[in-house]
Structure formats: structure tokens, C-alpha cells
There are 2 protein chains.
Amino acid sequence: MASLAEENYLKLIYHLSGSGADEVSTNALAEQTQTRAASVTDMLRKLAEKNLVHYKKYQGVRLTAEGQEVALQVIRRHRLWEVFMVQKLGFRWDEVHPIAEELEHIASEELINRLDAFLDFPVSDPHGDPIPTAAGKMPSAEYEKLCEVTAGKQVTMMGVSEHAASFLQFLSKAGLIPGSVVSVLEINDFDRSMLLKINESGPSFVSYEVARNILIKFSV
Amino acid sequence: MASLAEENYLKLIYHLSGSGADEVSTNALAEQTQTRAASVTDMLRKLAEKNLVHYKKYQGVRLTAEGQEVALQVIRRHRLWEVFMVQKLGFRWDEVHPIAEELEHIASEELINRLDAFLDFPVSDPHGDPIPTAAGKMPSAEYEKLCEVTAGKQVTMMGVSEHAASFLQFLSKAGLIPGSVVSVLEINDFDRSMLLKINESGPSFVSYEVARNILIKFSV
DNA sequence: ATAAAAATTTAGACTCACCTAAATTTTTAT
DNA sequence: ATAAAAATTTAGGTGAGTCTAAATTTTTAT
């Protein structure tokens, strides 16, 4: 039903709206799609005609229930393919995003549900992002940011909120991947950088900018 | 480089030309692509400009070396994905073709080579069709047709030359899949139908039309 | 050899997803 | 409150890949 371009818009609106909560502006979409605002307007009118978004001129756009369903399907496919590539094909977590951007548009539900089973029904992708269920529900994964943890606490890394390959490569080098056990040894007041103990290795420094993009939960 | 539509034309020209040997007519392409001859002409001009085919007006079309390379890559991807779906995801051999038609256009070479390794470098797909190598060579698999075997001979089923789902389903029911050991018990002169022993089961009849589309090799 | 039939190409048009330039609406700053 | 700035939409246009109808070339049959 939805074309490749339409699927990409719906997915993007979902992400930019904070999981469908807020309105998204034409300009924000133009920036992310690497197109012009006028092109976005054209597409929004088309999506509105298909009842995939609520759109009023000059007022921004929100997903309809139907649009959100499509968006979540696309996100589900994307994240399952990422798990496949990392767990089965041996890709690194910083390599899989662009390939998943293509694979996510293969529509067969049978394929995706069998892939899901083959992967043992993973609940999150290699970056810790939750995988929408076959029924179209996004599991709520509410984690803290590492930058908010106080000195002396021990936490488990659960994911990232920044997906740039360079950031992910940096984290891998530091041994900071989902599942890593992290103790906050010290926090520097002047720049909020942190000294961490990661698993059983020696101490590492991370900047506030890095800590802000690492999602954690407190260890039990 | 080559768009989805272009890849489909190149793959089709490869198949219709008998692996690149003969010229293919505009009408043959129009029939198979479910488009009109005029549309095919447009596309052939474009492919010729890109040096993917040799094309002279009214004279039919042949792949260039470059075009054949692209065609073989697409066929390689298609067949590897079919192996994946059957061997890893548990699809039946009559279900995978349409999904592979989509997956074959995911271009990442890294993805395909890792998939190839994950599948243990298969040499043929679930229908017995050979898988082009990463280097772009089509392994020559020269088999006999079952209809040409004489009574009393034992052969091994190697593949099919007809891929319709209904045909494949019929074969599955009869236990005729690549690897099956088949003995020709009797051949009826009047309609050339055959009585077969398939693996260790009781005898089965197949029509000439079926036997003509089954590829075999003689058992050693 | 030539006329009819078949195959193919040309001409002109359509949709999709994008573009630029100009017009309009909303927001911001004074 | 209003003018300037920013955001957005409208108008008109593009290339990819398709279409129909008409023109042209090749093939077939007599």
C-alpha cells in the first residue's frame, strides 16, 4: 500500500514526534529527508488523503492510528534485520543501519515473523532500541541517561540515543555496549565528564556529551 | 548504479537469451515485464546508453559484459535469499520466489557475501538452480531431463526447469525434490508418462509434461 | 516480388517524488 | 501593534518509468 517514500516519511514522523506524541513541522521533515519544504508539503497532502496523517496547512502533522501502525511495522522490520545482521552475519553494530534502511521496505509479513522466530523473538536491536511487536505495540523501554547517574552507583548499559557510526565505534572501543556493567567512579564538576569502570577493565573517561547519549538502568 | 527497473530488465534479458547467448526481442520483454513494447524500447535505449546492453533498433538486444555482470549479481542475490528462506526460516520451496524478487535488489555486497558464508557457500538454490559466484561466474549445471531417461535406470533429482508454485507443490507431494533418488520403472509409449519409484516409497505416475521439467543426473 | 501482417519505434502524455521561485501565513521582536 | 523574519504553501517544472496511438520497419505469405 504505502510506497517506499511514504514509509520513510511515516517512520520519520514517528521518530521526530517523540513516538507519535507531538506535531512535526514541515521544515524538520525537509531537513531529515534531505529534501525541500515544498516537497514535504506535497507528500503530507498525499499522506493526509490516504488517512495516514492528520494534516492542517501551516499546523504541522501527526500520525493517524493507521499511519502509526505502518510506521511501527517499518521500525519493526528495520530492527529485526539489524539483529539478524549482527547476531547471525557477524556485522558490527555501527555497520548495519544503512543496510537495514533498505531491508525495512521488504513488506512480506510472513518473512518478518519467521525472521523474528529465527532470532528467538528479540526485544531490542543491537543499539538497545525496543522492537515493536507483530501486533504493532512498541515496548516501552524507559531508561535513565548515564549523565544523570551519581558517583558511586553501578548501572547496566541498555542502549544509546545517538546512532552515528563514529559514536558507536567509540563506544565499542571503550567496551561500552548494551549489557556492559558500569560503575561511576568520579564526576568532574566543571565539565560533567565521568570516570567509569566498565565491566572488569581499568577506568575510562567519558565526556558529558557521550554520557548524555548512553541509556542505562540501575543494577539490582 | 542500476535502478530496480534496470536490474529487472537485465536479469530478464539474461534468462530470455539463454544465459546471454541469443538476442532477445522487444515483445518477449514486454510480455514478461507486463509492460508495453513501447516502454521496453525506452528502457533498452537507456540501458544501451549506460553500456549495459548492445541494442540496434529493430534488431533485438544482448547483454554487454557489464550488463551480464549486473544480471548475475542480481541472480546471485535472489538465489542466496531463497536458500536462506528455505534452510533457515523454514519456508517451502514454492513460497520463496516472490519475496526473493524484492530481496534481490538490496545491493550491499558485504551483506550478500556474509549471507553466502552464513549459508555455507551453497552452490544451488532450493530449486536446483546454480548460484553465481561472488566473482560473477555462473556454475554450469548441465543435467538431463527426466523424460529422456529409459526404463530401468536410477537417477538423482537435481532441480526443475519450471518454477510455478503449483508445479512445485505437486512435486513436493510426490516426494520429488532435489536429492530424491528416482528409478524409472515403466514408460508408457502412447503418452510418454512414467511410473517411478521415488526414494523408498511406493510407485508414482508422472506425465510427460512433468518429467520434461525435472532435471536429473544419473546415479553413480 | 510485393502486399498484408507482425514487430518495433516515435510522439506525446501521465504519475510519482522531487525541484525552484514566488506568494502567503505565522511567529518574533520591537 | 506592527514590521521584519521565518516557516509554509502554491505554481509551475523535471526525470524515471510507464502508457496509448500513430508511424515505420521487418517478416511472412502468396
Side-chain angles (χ1 to χ4, degrees), chain A residues 1-18 22-63 67 70-71 74 101-102 104-107, chain B residues 1-14 16-18 22-63 66-67 70-71 74 101-102 104-107:
Chain A
M1 290 292 123
S3 72
L4 189 147
E6 287 167 1
E7 284 192 349
N8 280 332
Y9 270 90
L10 294 171
K11 181 184 57 157
L12 186 59
I13 293 168
Y14 181 88
H15 288 313
L16 290 181
S17 67
D22 314 324
E23 246 111 48
V24 179
S25 75
T26 301
N27 264 5
L29 289 166
E31 194 183 323
Q32 293 290 314
T33 53
Q34 309 255 63
T35 63
R36 301 307 178 141
S39 311
V40 173
T41 299
D42 286 348
M43 180 57 92
L44 294 185
R45 290 182 66 251
K46 202 209 300 185
L47 292 172
E49 242 158 57
K50 290 190 170 192
N51 265 299
L52 295 165
V53 299
H54 297 293
Y55 171 59
K56 283 208 196 93
K57 288 203 292 188
Y58 298 102
Q59 312 288 278
V61 73
R62 261 178 334 108
L63 294 177
V70 175
V74 176
E101 289 285 304
E102 298 187 55
E104 74 188 7
H105 300 292
I106 309 289
Chain B
M1 291 289 126
S3 72
L4 189 146
E6 288 166 1
E7 285 192 349
N8 279 334
Y9 270 90
L10 294 171
K11 181 183 56 154
L12 187 58
I13 293 168
Y14 181 87
L16 290 181
S17 67
D22 316 323
E23 248 112 47
V24 179
S25 76
T26 301
N27 263 5
L29 290 166
E31 194 183 322
Q32 293 291 313
T33 53
Q34 310 255 61
T35 63
R36 300 310 177 137
S39 311
V40 172
T41 299
D42 286 348
M43 180 57 93
L44 294 184
R45 290 183 66 251
K46 203 211 298 185
L47 292 172
E49 242 159 59
K50 290 191 169 191
N51 264 299
L52 294 165
V53 298
H54 296 294
Y55 171 59
K56 281 206 198 93
K57 286 203 293 188
Y58 298 102
Q59 313 287 277
V61 74
R62 261 180 333 109
L63 294 177
E66 201 182 331
V70 174
V74 176
E101 289 285 305
E102 297 187 56
E104 74 188 6
H105 301 291
I106 310 290

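Below, chains carry the letters A, B, ... as their sequence lines are ordered, and counting in each starts from 1.
For Ala37(A), counting side-chain heavy atoms from C-beta on, the closest listed nucleotide (dT26(C), dT9(D), dT26(D)) is dT9(D). The side chain of Thr35(A) has dC18(C) as its nearest neighbour among dA21(C), dC18(C), dT9(C). With dT9(C), dT26(C), dC19(C) as the choices, the nucleotide that has an atom nearest any side-chain atom of Tyr58(A) turns out to be dT26(C). Side-chain atoms of Thr41(B) lie closest to dT8(C) of the nucleotides dT8(C), dT10(D), dT8(D). Comparing dT8(C), dT25(C), dT18(D) against the side chain of Asp42(B) picks out dT18(D) as the nearest.
Leu44(A) approaches Val53(A) most closely through the heavy-atom pair O-CG2, 3.9 Å. Of all the heavy atoms in Tyr55(A) and Gly60(A), the pair that sits closest is CD1-O, 3.8 Å. Residues Leu12(B) and Gln32(B) come closest through the heavy atom pair CD2-CB, 3.5 Å. For the residue pair Ala71(B) and Leu63(B), the shortest heavy atom distance occurs at CB-CD1, 4.2 Å. Annotation for Asn51(B) and Glu66(B): closest pair O-OE1, 3.6 Å, computed over non-hydrogen atoms.
Rounded to whole angstrom, the span from the CG atom of Leu44(A) across to the C1' atom of dT8(D) amounts to 11 Å. Residue Met43(A) contributes atom CE, which lies 14 Å from atom C1' of dC19(C) at whole-angstrom precision. Remark: P of dT18(D) and CG of Leu29(B) are 12 Å apart, rounded to the nearest angstrom. For the pair Leu4(B) CG and dC16(C) P, the computed distance is 17 Å after rounding to whole Å. In this structure, Arg45(B) atom CZ and dG15(D) atom C1' are separated by 14 Å, rounded to whole Å. If you measure from atom OH of Tyr55(A) to atom P of dT25(C), you get 13 Å, rounded to the nearest angstrom. Straight-line distance from the CD atom of Glu31(A) to the P atom of dA7(D): 10 Å, rounded to whole Å.
Pairing of dT30(D), defined by two Watson-Crick or G-U wobble distances under 3.5 Å, is identified with dA1(C). When Watson-Crick and G-U wobble pairs are counted only if both distances are under 3.5 Å, dT25(D) pairs with dA6(C). Remark: dC16(C) base-pairs with dG15(D). Criterion, Watson-Crick or G-U wobble with two distances under 3.5 Å.
Taking side-chain N and O atoms only, Arg36(A) has a distance below 4.0 Å to OP1 or OP2 of dT20(C). Residue Ser39(A) has no polar side-chain atom (N or O) positioned under 4.0 Å from OP1 or OP2 of dC18(C). At the phosphate of dA7(C), neither OP1 nor OP2 sits under 4.0 Å from any side-chain N or O atom of Thr26(B). Side-chain N/O atoms of Asn27(B) include none lying less than 4.0 angstrom from OP1 or OP2 on dA6(C). Remark: Tyr9(A) is not in phosphate contact with dC16(C), judged by side-chain N or O atoms under 4.0 Å from OP1 or OP2. Of the side-chain N and O atoms in Lys57(A), one or more sit less than 4.0 angstrom from OP1 or OP2 of dT10(D).
Mapping Lys56(B) and Thr33(A) onto DNA chain C by nearest heavy atom places Lys56(B) at the nucleotide closer to the 5' end.
Atom NZ of Lys11(A) is separated from atom CG of Asn8(A) by 5.0 Å, given to the nearest 0.5 angstrom.
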